[in-house]
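Beneath this line is the structure, given in structure tokens, with notes to follow.
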2 protein chains.
Amino acid sequence: MADQQNVCPRFHRAVELIGKRWTGAIIRILQNGRARFNSIAAAIPELSDRMLAERLRELENERIIARTVIPETPVRVEYELTEKGKALDAAFCAIARWAETWVEPASEPTKEAAPALSETVVADR
Amino acid sequence: MADQQNVCPRFHRAVELIGKRWTGAIIRILQNGRARFNSIAAAIPELSDRMLAERLRELENERIIARTVIPETPVRVEYELTEKGKALDAAFCAIARWAETWVEPASEPTKEAAPALSETVVADR
DNA sequence: CGGGATCCGAAAGGATACTG
DNA sequence: CAGTATCCTTTCGGATCCCG
């Protein structure tokens with residue numbers, strides 16, 4: 001019957017952290033190596049500069065990514081995962097595997113085709 | 001150097017789905033068995049009824065949970081994970097493991113104690 | 001290039017009251 | 001018990017301009 005204890009606060013923080021809008025995508029990109037601001041922006045076209053900057057700062061505050069300034073002209077700024085960030089790899093792989101199996105790539109193209117939830121009613125148990 | 005291809009849309013959908021506010025916690029609760037509306041609500045005190053109802057409907061539309069109505073008086077409604085929902089278990093376990101290692105349980109209690117990000121500047125590379 | 005500052009409309013979310 | 005409806009506040013996020 002599974003009576004519920006409260007959700008583990010650590011888990012809750014974690015899932016709300018990596019699940020926050022765009023952070024998943026950003027981390028995913030940094031998982032194949034360090035990248036520059038515009039490089040990340042180019043990989044996520046729907047994401048505005050402002051949002052990207054905001055999310056990068058948040059992730060930096062969480063110590064998931066590290067920011068490195070290289071004072072050339074023009075300046076170059078690189079982002080990369082910290083140890084904490086790299087440790088997320090296993091979790092992200094697990095999510096990716098689930099997505100491959102269960103999530104259709106496109107959005108809902110055949111709206112009529114979907115069987116429209118059947119109300120499951122049980123006489124008794 | 002890791003030049004970026006776009007983020008896999010399946011992965012992106014998945015992470016934004018399970019990462020949406022509260023959905024992680026709700027799924028987590030259902031992972032130890034089916035539960036009723038008020039039971040879930042009790043396990044997540046910060047979550048309002050309206051939000052819970054909304055998230056449950058969304059998860060039902062995604063076929064991650066199933067809703068069963070048992071017409072007693074008063075009515076009883078039970079929620080449980082579908083196969084798609086149960087398949088999330090591995091991913092959630094991976095996240096939980098990461099959280100145990102890297103996320104402190106409480107929020108930031110010692111605000112001054114935090115060393116306040118060091119600006120990493122590299123002379124050159 | 002890599003952002004920060006500001007403005008503003010849209011959307012999410014909380015509080016409360018009510019219903020079958 | 002399991003929600004809906006309504007209102008109202010807060011936040012999110014896009015657009016635009018600016019700076020070192």
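Here the structure is a predicted model, which means the values were calculated and not measured. Throughout, protein chains are lettered first and strands after them, A, B, ... in sequence-line order, and every chain is numbered starting at 1.
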Taking only the side-chain nitrogens and oxygens of A:Ser48, find out if one of them lies under 4.0 Å from OP1 or OP2 of D:dG13.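 Answer no for this pair, as no side-chain N or O of A:Ser48 is under 4.0 Å from OP1 or OP2.
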
Would you say B:Arg36 places a side-chain N or O within less than 4.0 Å of OP1 or OP2 belonging to D:dA2?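 It does, given that an N or O in the side chain of B:Arg36 lies less than 4.0 Å from OP1 or OP2 of D:dA2.
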
Nearest whole angstrom, please: distance from the [atom2] of [N] to the [atom1] of [X].
X       : N      : atom1 : atom2 : value
A:Arg21 : C:dG13 : CZ    : P     : 12 Å
A:Trp22 : D:dG14 : CH2   : C1'   : 12 Å
A:Glu58 : C:dG3  : CD    : P     : 14 Å
A:Glu60 : C:dG4  : CD    : C1'   : 15 Å
A:Ile26 : C:dG2  : CD1   : C1'   : 15 Å
B:Leu56 : D:dA2  : CG    : C1'   : 10 Å
A:Glu78 : C:dC1  : CD    : P     : 15 Å
A:Asp49 : C:dT6  : CG    : P     : 18 Å

With heavy-atom distances below 4.5 Å as the criterion, would you say the side chains of A:Ile40 and A:Leu30 are in contact?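 The answer is yes; the side chains approach within 4.5 Å.
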
Would you indicate which nucleotide in [options] comes nearest to any side-chain atom of [X]?
X       : options               : result
A:Tyr79 : C:dG3, D:dG13, D:dA2  : C:dG3
B:Arg55 : C:dG2, C:dG13, C:dA5  : C:dG13
A:Met51 : D:dG14, D:dA2, D:dG3  : D:dG14
A:Lys20 : D:dC12, C:dG14, C:dG3 : D:dC12
B:Ala53 : C:dC1, D:dG3, C:dG3   : D:dG3
A:Arg67 : D:dG3, C:dG3, D:dA15  : C:dG3
A:Pro74 : D:dT4, C:dC1, C:dG3   : C:dC1

Residue pair B:Glu58 / B:Lys20: nearest heavy atoms and the distance that separates them: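 Heavy-atom minimum between the residues: OE2-NZ, 3.5 Å.
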
What's the shortest heavy-atom distance between A:Ile29 and A:Ala43, and which atoms?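 The pair with the smallest heavy-atom distance is CD1-CB, 3.4 Å.
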
Let me know, please, whether A:Val75 or A:Glu54 comes out on the 5' side of the other along DNA chain C by nearest nucleotide.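 By nearest-heavy-atom nucleotide position, the 5'-most residue is A:Val75.
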
Whether A:Tyr79 and A:Phe37 hold their rings parallel, tilted or perpendicular, with breakpoints at 30° and 60°: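 Taking A:Phe37 first and then A:Tyr79, their aromatic rings sit tilted (interplane angle of 30° to 60°).
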
Hey, are B:Arg21 and B:Glu54 close enough for a salt bridge, meaning a charged N less than 4.0 Å from a carboxylate O?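 Salt bridge between B:Arg21 and B:Glu54, a charged N being under 4.0 Å from a carboxylate O: no.
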
Presence of donor-acceptor pair under 3.5 Å, side chain of B:Arg50 and base of C:dG13: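 Indeed there is one.
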
